[in-house]
Amino acid sequence: MAPHPENTHVNHTFAALAKADAQLAPLADSHYTKAASEERIAAAKAGLEANGFKVHLVESRDEAFETIKSLIPAGVSVNNAHSTSLEEIGFITYLKGETHFRNVHAEILAEKDYAKQGELRRTIGSTVDYYLTSVAAVSEDGLLVHGDLSGSKVGGVAFGAGNVIVLAGSNKIVKDEKEAYKRTHEFAWAAESARARDAYGVPASAVVNYEVIRKANPFNPNRIQVVLVKDVLGF
């Protein structure tokens with residue numbers, strides 16, 4: 001298997017942010033930065049499948065990259081939420097090069113008028129054929145949990161996009177919905193705030209929109225696919 005493309009955002013990995021940001025530093029050795037046990041990975045996979053999600057369990061970042069690439073047919077439209085996990089497997093780098101599909105995210109960013117760019121996020125960005133993202137937590141009973149500030153991510157995942165591919169490292173695995181809320185609001189939010197401080201010069205991010213996906217859509221059960229990686233990815 002060929003190695004995945006390089007991550008060009010190495011300054012925004014959790015480890016790099018924890019070293020550079022004093023507010024995040026106390027969480028540097030959090031258990032949410034560790035890979036889950038084989039038992040917990042198996043439980044999460046079984047829980048997701050019981051809730052109707054198709055799960056691709058992979059060993060490594062290279063395998064995750066190849067799996068996601070193989071799931072996207074030629075000629076379709078693709079958008080992605082910001083995802084440190086997708087950056088870490090090199091998929092964002094790959095998207096910026098020559099691909100076999102239409103990169104809608106690049107089209108959106110090419111619009112420099114922020115009002116018009118926002119409208120593109122709402123329209124073509126949320127209704128692509130394939131939407132790529134990660135989540136803040138995957139519970140052992142099969143819930144997918146995440147949040148965002150603008151709503152562009154949760155909107156595309158919940159309904160707008162034709163298909164959704166969720167990438168999640170095993171460090172995202174939690175026991176249940178209660179712990180998923182805790183991980184999202186106490187850990188993932190803190191890390192995303194550190195990234196926002198570095199990237200945008202703002203004091204913090206915010207979990208304005210919070211989404212719990214409990215089951216696959218009964219009218220389109222294969223719409224959301226989860227690539228669950230035994231390795232640690234993102235935050």
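In what follows, residues are counted from 1 in the order of the sequence shown. Just so it is clear, the values below take in all heavy atoms, side chains as well, and ignore hydrogens, waters and symmetry mates.
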Side-chain touch [X]/[Y], heavy atoms, less than 4.5 angstrom:
X: Val232; Y: Phe14; answer: no
X: Ile89; Y: Ile68; answer: yes
X: Lys172; Y: Val166; answer: no
X: Glu63; Y: His56; answer: no

- Task: Before accepting this row, confirm whether a basic side-chain N of the pair Asp29/Lys34 lies closer than 4.0 Å to the acidic partner's carboxylate O.
- Result: yes
- Message: Check this for me, if you would: do Glu59 and Lys230 make a salt bridge, where the nitrogen-to-carboxylate-oxygen distance has to be below 4.0 angstrom?
- Response: yes
Distance-minimising heavy-atom pair for [X] and [Y]:
X: Ala161; Y: Tyr131; result: CB-CB, 3.5 Å
X: Ala64; Y: Leu167; result: CB-CD1, 4.1 Å
X: Glu6; Y: Thr93; result: O-OG1, 2.6 Å
X: Ala16; Y: Asn11; result: CB-O, 3.6 Å
X: Gly162; Y: Asn220; result: O-ND2, 3.9 Å
X: Thr33; Y: Ser30; result: OG1-O, 2.6 Å

- Query: Going by the angle between their ring planes, with limits at 30° and 60°, are Tyr94 and His100 parallel, tilted or perpendicular?
  - Reply: tilted
- Can Asp176 and Ser139 be counted as having a side-chain donor-acceptor contact under 3.5 angstrom? no
- Using only heavy-atom distances, determine whether the side chains of Gln225 and Tyr130 contain a donor-acceptor pair under 3.5 Å. no
For [Y], does its backbone N or O pair with a side-chain atom of [X] as donor and acceptor, under 3.5 Å?
X: Arg195; Y: Tyr200; value: no
X: Asn209; Y: Leu149; value: yes
X: Thr99; Y: Leu95; value: no
X: Ser193; Y: Ala204; value: no
X: Glu111; Y: Asp113; value: yes
X: Arg197; Y: Pro203; value: yes
X: Asn51; Y: Asp141; value: yes
X: Arg183; Y: Ala136; value: yes
X: Asp129; Y: Ser77; value: yes

- Taking Val145 as the fixed residue, which of Ile213, Val174, Val135, Thr184 is the one that meets the side chain to side chain contact (heavy atoms under 4.5 Å, CB included) rule? Thr184
- Message: So if I apply the side chain to side chain contact (heavy atoms under 4.5 Å, CB included) rule between His82 and each of His105, Glu87, Lys153, which one comes out positive?
- Response: Glu87
- Message: Between Tyr210 and His185 (judged by ring centroids, cut-off 6.0 Å), do the two rings come close enough to count as a pair?
- Response: yes
With hydrophobic residues grouped by side-chain heavy-atom distances under 4.5 Å, do [X] and [Y] end up in a single group?
X: Ile165; Y: Val78; result: yes
X: Leu233; Y: Leu57; result: no
X: Phe65; Y: Ile92; result: yes
X: Val227; Y: Ile72; result: yes
X: Ile41; Y: Val58; result: no

- Please determine which of Phe235, Tyr32, Tyr181 meets the ring-ring contact (aromatic ring centres under 6.0 Å, His included) test together with Phe187. Tyr32
- Checking salt bridge (charged side-chain N to carboxylate O under 4.0 Å, His left out) for the pair Arg122/Glu119: CA distance, chi angles, key distance, verdict? CA-CA 5 Å; Arg122 186 186 70 82; Glu119 184 64 8; 2.5 Å; yes
Roughly how far, to the nearest 0.5 Å, is [atom2] of [Y] from [atom1] of [X]?
X: Leu17; Y: Thr84; atom1: CG; atom2: OG1; value: 7.0 Å
X: Arg121; Y: Ser152; atom1: CZ; atom2: OG; value: 6.0 Å
X: Asn222; Y: Phe53; atom1: CG; atom2: CZ; value: 11.5 Å

